Amino acid sequence: MNTTRTTTVTCPNCGRGNRIPVAAEGRPRCGHCKQPLPWLVDAGDDDFAEIAERASVPVVVDLWATWCGPCRMVSPALEQVARDLAGRIKLVKVDVDKNPQLSRRFEVQAVPTLLVLDQGEQVARQAGAAPAHVLREWVEQAMDGRSAPAGG
């Protein structure tokens, strides 16, 4: 595991590039304007636990494949959701062909398969592509439901 691996994210507010760790506590903010940044990272079999399961914010997991047309269609929509919900979620992309352990673990039957994890626990699952506004609503419902009392 490489805890010092970083990714560069452009701030949607001021346009500055920010280098942020792929695995970290808290919520990334722009070093220039201090606005929340969309947190988009790749993960695999070796670093998924560190990057996704230990995240301090809910994680949207995109289980995808390079050969999948719907995956290519949903990727920009998920990136839009990550920008819209900057500071509230982390988007983690997993290539199922390169990461067979995660594919088996999450019983991926079709791609894209989307998950919402809260502290490593799956709270929502959806297969197939959808427009950004539908995905955002699904993510927000999953996040709202994670703290709701059982049967409530």
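As the structure is a computational prediction, the values presented were derived from the model and not from experiment.
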Peer 1: How would you list all residue pairs meeting ring pair (Phe, Tyr, Trp, His ring centres under 6.0 Å) that involve residues 51-98, not counting sequence neighbours?
Peer 2: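 Output for this query is empty, none listed.
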
Peer 1: Using the side chain to side chain donor-acceptor pair (under 3.5 Å) criterion, which residues pair with Gln101? Sequence neighbours excluded.
Peer 2: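 Side chain to side chain donor-acceptor pair (under 3.5 Å) check on Gln101 returns nothing, list empty.
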
Peer 1: Please check this pair: side chain of Asn99 against backbone of Val96, looking for a donor-acceptor N/O pair closer than 3.5 Å.
Peer 2: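 Side chain of Asn99 to backbone of Val96, a donor-acceptor pair under 3.5 Å: no, none is there.
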
Peer 1: Arg105: which residues meet the salt bridge (charged side-chain N to carboxylate O under 4.0 Å, His left out) condition with it, sequence neighbours left out?
Peer 2: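 By the salt bridge (charged side-chain N to carboxylate O under 4.0 Å, His left out) rule, Arg105 matches Glu53.
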
Peer 1: Per the salt bridge (Lys or Arg N to Asp or Glu O under 4.0 Å) rule, what does the pair list look like for residues 58-70, sequence neighbours excluded?
Peer 2: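 Checked against salt bridge (Lys or Arg N to Asp or Glu O under 4.0 Å) - neighbours excluded - the pairs reaching residues 58-70 are Asp62-Lys93.
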
Peer 1: Go through it in stages, so that I can follow the logic: the residues are Leu85 and Val139, the test is side-chain contact (heavy atoms from CB on, under 4.5 Å), and I'd like the CA-CA distance, side-chain angles, deciding distance and then a yes or no.
Peer 2: CA-CA 9 Å; Leu85 300 177; Val139 170; 3.8 Å; yes

Peer 1: Test of understanding: with side chain to side chain contact (heavy atoms under 4.5 Å, CB included), list the residues that count as partners of Arg29, not counting sequence neighbours.
Peer 2: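 Applying side chain to side chain contact (heavy atoms under 4.5 Å, CB included) to Arg29 gives Pro36.
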
Peer 1: Can you tell if the side chain of Leu114 reaches within under 4.5 Å of the side chain of Val61, non-hydrogen atoms only?
Peer 2: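 Counting from C-beta outward, Leu114 and Val61 never come under 4.5 Å.
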
Peer 1: Is Val59 close to Leu115 at the side-chain level, that is, under 4.5 Å between some pair of heavy atoms?
Peer 2: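 Side chain of Leu115 against side chain of Val59, heavy atoms only: no contact under 4.5 Å found.
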
Peer 1: Mind listing the closest non-hydrogen atom pair of Val57 and Arg27 along with its distance?
Peer 2: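 The answer is CG1-NH1, 3.1 Å.
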
Peer 1: Quick one: side chains of residues 120-136, donor-acceptor pairs under 3.5 Å with protein atoms, not counting sequence neighbours, listed by atom name and distance.
Peer 2:
from   : atom 1 : to     : atom 2 : distance (Å)
Arg125 : NH1    : Phe106 : O      : 2.7
Arg125 : NH2    : Phe106 : O      : 2.8
Arg125 : NH2    : Glu107 : O      : 3.1
Arg136 : NE     : Glu140 : OE2    : 3.2
Arg136 : NH2    : Glu140 : OE2    : 3.4

Peer 1: Check Pro38 against Ala82 and note the closest heavy-atom contact, atom names and distance.
Peer 2: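 Looks like CB-O, 3.5 Å.
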
Peer 1: For residues 107-131, which residue pairs pass the ring pair (Phe, Tyr, Trp, His ring centres under 6.0 Å) check, not counting sequence neighbours?
Peer 2: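 Not a single pair qualifies under ring pair (Phe, Tyr, Trp, His ring centres under 6.0 Å).
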
Peer 1: Using the test side chain to side chain donor-acceptor pair (under 3.5 Å), find all partners of Arg83 that sit at least two apart in sequence or belong to another chain.
Peer 2: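 Partners of Arg83 under the side chain to side chain donor-acceptor pair (under 3.5 Å) test: Gln80.
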
Peer 1: Do Val41 and Arg5 pass the side-chain contact (heavy atoms from CB on, under 4.5 Å) test, and can you show the C-alpha distance, the side-chain angles, and the key distance before you say yes or no?
Peer 2: CA-CA 10 Å; Val41 299; Arg5 191 164 59 101; over 6 Å; no

Peer 1: Hey, which of Val92, Leu78, Leu40 is the one that makes side chain to side chain contact (heavy atoms under 4.5 Å, CB included) with Val60?
Peer 2: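 The side chain to side chain contact (heavy atoms under 4.5 Å, CB included) with Val60 is passed solely by Leu78 among Val92, Leu78, Leu40.
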
Peer 1: Could you go step by step and tell me if Asp45 and Lys98 meet the salt bridge (charged side-chain N to carboxylate O under 4.0 Å, His left out) rule?
Peer 2: CA-CA 8 Å; Asp45 289 339; Lys98 292 181 180 176; over 6 Å; no

Peer 1: Tell me the ring pair (Phe, Tyr, Trp, His ring centres under 6.0 Å) pairs involving residues 80-104, sequence neighbours left out?
Peer 2: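 Listed by first then second residue: nothing to list.
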
Peer 1: For residues 7-25, which side-chain donor-acceptor pairs fall under 3.5 Å, sequence neighbours excluded?
Peer 2:
from  : atom 1 : to    : atom 2 : distance (Å)
Arg16 : NH1    : His32 : ND1    : 3.0
Asn18 : OD1    : Gly31 : N      : 2.8
Asn18 : ND2    : Arg16 : O      : 3.1

Peer 1: Give, for atom NZ of Lys90 and atom CG of Leu37, the distance between the pair rounded to the nearest 0.5 Å.
Peer 2: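 Taking NZ in Lys90 and CG in Leu37, the distance rounds to 13.0 Å.
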
Peer 1: Taking atom OG of Ser75 and atom CG of Leu91, what is their separation to the nearest 0.5 Å?
Peer 2: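 The distance works out to 7.5 Å.
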
